[in-house]
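These notes concern the structure reproduced below.
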Amino acid sequence: MNVEELSRLPAGAVDHFRREGIEELYPPQAEAVEAGATDSESLVAAVPTASGKTMIAALSMLSAIERGGKALYIVPLRALASEKKAEFEAYEEFGVTVGVTTGNYESTSDWLATKDIIVATSEKVDSLVRNGADWLSDLTCVVSDEVHLIDDRNRGPTLEVTLAKLRQLTPQLQVVALSATVGNADEIADWLDAALVETDWRPIDLRMGVHYGNALNFDDGSTREVAVDGSEKQEAALVRDILEEGGSSLVFVNSRRNAEAAAKRLGKVTSSELAAEEQAALAELADDIRDDSDTETSADLADCVEHGSAFHHAGLSNTQRSLVEDAFRDRLLKVISATPTLAAGVNTPARRVVVRDWRRFDPSAGGMAPLDVLEVHQMMGRAGRPGLDPYGEAVLLAKSHDESEELFDRYVWADPEPVRSKLAAEPALRTHVLATIASGFARTRDGLLEFLEATLYASQSTEAGRLETVTDTVLQYLESNDFIERDGGDGSAEADDGAFTSAAALAESGGRDESLEATSLGHTVSRLYLDPMSAAEIVHGLERADDRPTALGLYQLVSRTPDMYELYLRSGEDEKFGELYYEREAELLGDAPSEFEEDRFEDWLSALKTGKLLEDWAEETDEARLTDRYKIGPGDLRGKVDTAEWLLGAAESLAAEIDSDWTVAVREARARVEHGVGEELLELVSVGDVGRKRARSLYERGIETPSDLRTADKGVVLDALKGEKTAETILENAGREDPSMDGIEPKSAGSSTGTATAASSDGNRNDESMESEATDGDADDGQSSLGDF
DNA sequence: TGGTACCAATTCTAGACAGCATGTC
DNA sequence: CTAGAATTGGTACCA
């Protein structure tokens, strides 16, 4: 089908596509149009990566807009939201407007209401539904990208429930679900009352194969010799082989450490193939990486990059990830060794994809578990760059003939698994049941069950009554924590309190249609987007605090909620943090689990570790020291700080809601974690362009508040802040009338440093105390076990 | 003394959404 | 039912 044949699109759209070089629709796209994509028809497109799924979405959305409607594009990752936004912004050329909204992207509802296409993460959409954004009812077309993620244990249910709610809000809604090829696309289509477009077609050929010995055997029967010489690893031989013909490669491994080690080794392969100008550009890129963060991970990455290779995992900062991805797309980097982050993220195709590790550590499986076929196919789907490569190659590595055969059977010839709803898992249901009640989607138990019937789970469920049972368990939990109120009709339920009596009330009210209502606290929890269990933990912790909680107490509290992904306790650290626990037990909020409940006590300690990380951060320990001390990457640190900031913001609202005395303490702890500063710097840091470093520098010179900035000796300010320009901007931000630094010379602060030096060494003292604790802990080892026995 | 080659024991394990209101070095 | 790569530590060996 030629683009000229497309009707129902906004004027100028067809011209736009032609200018982009799009003449003929790909077969799946044509099929989607025939199925009614441009005609308000819902459809599920289960097609391989890079076969033009976005175009199907675009055609649907543009035709919806042409009819006067509004479109929503749901993505699974923030990074994809920006990627899609950039893509759709090209349509502004013919008058279609685009907005993005994610957790950290600025957005007001009014502003979004004026946009034709809105890109958002599934959680953000869920949140918008909960908060009743009125423009949602104007939607006529919703696209759900990577809809197979409904299968995801953690985040799948959100997408599933959100789609169900959007459909309920707007009965005529066109739903376009884009999926990887999965085992049961037909089931998803049935659920969404949608037509199904399913195909294996790809714009570039993808050859899948297995490398064993010195041969690479492909699924089409062809063979290519790739010799592994000497002590070289298979992946090195494969990378070199394709590099010699000018192709880049992606190597997927199963751990961060493996990714880093492989990138280091592969650097030896790539460095010999670099042109002089490439080396210069790579050196520049390496500097950008070092500039972004002064940590060991950064230094290692920069060293690799200078050789034309890189690693990629969630320990990298977002900036570093983008730098690596962009440089790879620009063909500057020749190889990336990555954890699965890359397969799910933004588009980074390569001529050859090597899936080195096909098993991954999975504690629930008790060891290494094979990757899902779907996951491996997603990685392999990254092979082949449209317009650049003649074909893509995806290679698995085998160490024996048997393994080679197993890999063919398991992954090359295998169909992907079916998508299975995970909604009936209690944690998921806990959150979504509360939200459904709070936002008025259901007002009775029957109404709730009826709504849940509209989910994919219900359509897949074979076990009758399971959903109902779990729902009742969840309702009971929500009621006993005062998030909802139930009224069985005879008025007795209202008087009930506590889990036992409400269980009785439940039994009593049996089949009767109870009314369900969120309490004020329940509404707050739903609006804040908290897992009810997190909220309960926080509320309980705050209620149990007799004295003003310390920062560490609050940090440990939010760190032990299910919304915070705790740091892992390394060997020996249980003792180290056990000791810290005894030292600072009094600061922690709520009851610690008994030491004899090993698992729970360990969780408590990892929360303490995470809390301690946050405390160190709020005591101005620098990034390099923290990443080293906690053995994490810069990306992890920023992620933890981000999450803590969010949770403490929520905790502040909760504190206000329950009339806690500690609202101010929570706010201060949040502000300290946000800026990474001690209490005494909070005022300074509120001035624009003043962060933790500059604030400390000013404070050391006796400038302790914004008003000090307005009156301080400019020479001292300049000495604290270095650059003239910076100093001027900051003085201006502080509201100084004469910010000009003309003719000012830096001047040391002189005698007023007394207190300031004490303050700064305070921060350092903390660093040292932690380190000496570590050594103390080791030294004590023998003694404490002597004491135990 | 120092370098290294090699083997055995030990260690450790992927990822990333959200409120609210604005801005680091 | 279930692993395996990388790192660390120790030893032998040689210059």
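Source: prediction; values computed, not measured. Note on naming: letters A, B, ... go to the chains in the order of the sequence lines (proteins, then strands), and numbering restarts at 1 for each one. All values below were derived from every heavy atom in this structure, side-chain atoms included, with hydrogens, water molecules and symmetry-related copies excluded.
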In short, A/Thr121 meets A/Leu77 closest at the heavy-atom pair CG2-C, 4.0 Å
Residue pair A/Leu567 / A/Ser606: nearest heavy atoms and the distance that separates them:
O-CB, 3.1 Å
Round to the nearest Å and state the distance from A/Arg130 atom CZ to B/dA18 atom P.
12 Å
In whole angstroms, how far is the P atom of B/dG19 from the CG atom of A/Leu648?
16 Å
Under 4.0 angstrom, heavy atoms only, what part of the nucleic acid is A/Asp126 near: base, sugar-phosphate, or nothing?
nothing
Produce the list of close N/O pairs, under 3.5 Å, pairing protein atoms with atoms of nucleotides 3-5 of chain C; give distances to one decimal.
| residue | atom | partner | partner atom | Å |
| --- | --- | --- | --- | --- |
| C/dG4 | OP1 | A/Arg359 | NH2 | 3.3 |

d(CZ, A/Arg670; P, B/dC20) in whole Å
13 Å
Between A/Glu375 and A/Leu647, just flag the one whose closest nucleotide in DNA chain B comes earlier from the 5' side.
A/Glu375
Counting any heavy atom closer than 4.0 Å, what does A/Val690 reach on the DNA or RNA strands: base, sugar-phosphate only, or nothing?
sugar-phosphate
Scan A/Ala365 against the nucleic acid and name what it touches under 4.0 Å (heavy atoms): base, sugar-phosphate only, or nothing.
base
Quick one: label A/Gly649 by what it contacts on the DNA or RNA (base, sugar-phosphate, nothing), any heavy atom closer than 4.0 Å.
base
Send over the distance from A/Arg638 CZ to B/dA18 C1', rounded to a whole Å.
20 Å
Could you give the CG-to-P distance, from A/Leu528 to B/dC20, as a whole number of Å?
7 Å
With rounding to whole Å, what would you report as the distance between C/dG4 and B/dA16 at their P atoms?
26 Å
So what does A/Val525 touch, heavy atoms closer than 4.0 Å: a base, only the sugar-phosphate, or nothing?
nothing
Single hit among A/Lys693, A/Arg638, A/Arg629 for salt bridge (Lys or Arg N to Asp or Glu O under 4.0 Å) with A/Glu623:
A/Arg638
Quick one: A/Leu530 CG to B/dC17 C1', roughly how many Å, whole number?
13 Å
Over all strands shown, is A/Thr643 touching base, sugar-phosphate only, or nothing at heavy-atom distances under 4.0 angstrom?
base
Using the six-membered base ring of B/dG15, report whether A/Tyr565 stacks on it, requiring centroids under 5.5 Å and planes under 30° apart.
no
If you take all heavy atoms of A/Gln320 and A/Ser298, which pair is closest and at what distance?
NE2-OG, 2.8 Å
Nearest-Å distance for atom pair CZ/P, residues A/Arg527 and B/dG19
11 Å
Rounding to a whole Å, what distance do you find between A/Met564:CE and B/dG15:C1'?
16 Å
At 4.0 Å (heavy atoms only), tell me whether A/Glu674 reaches a base, stays on the sugar-phosphate, or touches nothing.
nothing
What is the nucleic acid contact for A/Arg321, judged by heavy atoms within less than 4.0 Å: base, sugar-phosphate only, or nothing?
sugar-phosphate
Above 12 or not: heavy atoms from other molecules or residues under 6.0 Å from CD of A/Glu296?
no
Scan side-chain atoms only and decide if A/Thr729 and A/Asp689 contain a donor-acceptor pair under the 3.5 Å cut-off.
no
Within this structure, what is the NZ-CG distance for the pair A/Lys422 and A/Asp151, rounded to the nearest 0.5 Å?
3.5 Å
